[in-house]
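A quick write-up on the structure given underneath.
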Protein chains: 2
Amino acid sequence: MRDILTNGQFRVNGSLWLEGNGTRFFGPGPVELLQRIEETGSINQAAKKMGMSYKKAWEIVNRLNEIVGSPLVVTATGGEKGGGSSISDDAKQLIEWYLSLRERFRKFMEEESLKLTV
Amino acid sequence: MRDILTNGQFRVNGSLWLEGNGTRFFGPGPVELLQRIEETGSINQAAKKMGMSYKKAWEIVNRLNEIVGSPLVVTATGGEKGGGSSISDDAKQLIEWYLSLRERFRKFMEEESLKLTV
DNA sequence: AAGCGTTATGTACGCAAAGATATAACGTGA
DNA sequence: TCACGTTATATCTTTGCGTACATAACGCTT
């Protein structure tokens, strides 16, 4: 390293996610989707804000609810605004946990990147 | 968390890589490829051992050499065994560095996973 | 000269993931 | 009763990535 990567153009980056029975199901994408659902009250609008198809968004929501026992997103069809979705308290906890984890991860990567420049 | 993910079926996992001028170029795949090239003395055989096409392997090698200034893989055409490839000392250093980084990362994830079970 | 296994490179094919589109059901409000 | 926006779901199309295949050059061996 001392010779190869010490010019500041290199850095360590990475990704973290949560696995349930071996398969990845909760990472940056689902986190943002949950946040947008909370904001907009709608899977449809959340998907649009992320430039994602409704189908993809729905599949993510569906898998989240399947793998985690308790429903993270609760949906309703029909009604005042045609329906809508909101996220559960469990989902809010999960988001908080992931964000703090990501912050620790960010520091980890920052430290490792710093080692490169020494 | 305390309520949602405390049954031991969930764990934190992730991936780490090295970026040069914004683009990912060095992660688990390239590391293994370099190791296999060192073992076999051939990009071709290394690719086969990894179930990867030669073309893909060559593209990885090519990008590695491009992004890192010094050549990590030195190749030769023709000759006794038709040619072959070997990895430079810089490449060996890079592999060592990545493996130690990955070990620290593994511990990080292990600790974070442990927090889930508490 | 001919053969071998390799590097190096272009092109064509397949497949899986993602997107686009269509449709039904729902419940409130006008 | 109809319109609306949403969830829910099936089907068709597209697109991007990797593989497969083909070919040339190379240099040592026989």
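Proteins get letters first, then strands, A, B, ... in listed order; numbering begins at 1 in each. All values derive from a computational prediction rather than experimental measurement.
- In this structure, Ala76(B) and Glu59(A) both approach DNA chain C, and ranking their closest nucleotides by distance from the 5' end singles out Ala76(B).
- Smallest separation of non-hydrogen atoms from Gln35(B) and Leu99(B): NE2-CD1, 4.0 Å.
- Aromatic ring centroids of Phe105(A) and Tyr98(A) lie 6.0 Å or more apart.
- Taking 4.0 angstrom as the limit, Trp58(B) places none of its side-chain polar atoms (N or O) nearer than this to OP1 or OP2 of dT7(C).
- Using a 4.0 Å cut-off, no side-chain N or O of Lys81(B) falls inside it from OP1 or OP2 of dT6(C).
- Counting all heavy atoms, side chain and backbone alike, Leu34(B) lies closest to Ala91(B) at CD1-CB, 4.3 Å.
- Distances shorter than 4.0 Å separate none of the side-chain N or O atoms of Thr77(A) from OP1 or OP2 on dG5(D).
- For a distance-only test at 3.5 Å, the side chain of Lys55(A) fails to qualify as a donor-acceptor partner of the base of dT21(C).
- Side-chain atoms of Ser113(B) come within 3.5 Å of backbone N or O of Val12(B) as a donor-acceptor pair.
- Using a 4.0 Å heavy-atom distance criterion, Gly84(B) is classed as a sugar-phosphate-only contact.
- Atoms CG and NZ, from Leu101(B) and Lys115(A) in turn, are 8.0 Å apart once rounded to the nearest 0.5 Å.
- With a 4.5 Å cut-off on side-chain heavy atoms, Phe10(A) and Ile4(A) do not count as touching.
- Residues Ala57(B) and Ala47(B) share a closest heavy-atom pair of CB-CB, 3.7 Å.
- For the helix from dA1(C)-dT30(D) to dA30(C)-dT1(D), the angle separating the two terminal helix axes comes to 20°, with each axis derived from five pairs and the value rounded to 10°.
- To the nearest 0.5 angstrom, Ile67(B) atom CD1 is 10.0 Å from Glu19(B) atom CD.
- Considering only side-chain N and O atoms, Ser85(B) lies nowhere under 4.0 angstrom from the phosphate OP1 or OP2 of dT6(C).
- Applying a 4.0 Å cut-off to non-hydrogen atoms, the residues of residues 34-54 of chain B that approach DNA chain D are Gly51(B), Met52(B), Ser53(B), listed by residue number.
- If you take CG of Leu64(A) and P of dT7(D), they are 15 Å apart, rounded to a whole angstrom.
- A straight line from NZ of Lys56(A) to P of dA10(D) spans 19 Å, rounded to a whole angstrom.
- Between Ser85(B) and Val73(B), the shortest heavy-atom contact is CB-CG1, 3.9 Å.
- Between the CG atom of Asn65(A) and the C1' atom of dA8(D) there is a distance of 14 Å, given to the nearest Å.
- Separating the CZ atom of Arg63(B) from the C1' atom of dA8(C) is a distance of 18 Å, rounded to the nearest angstrom.
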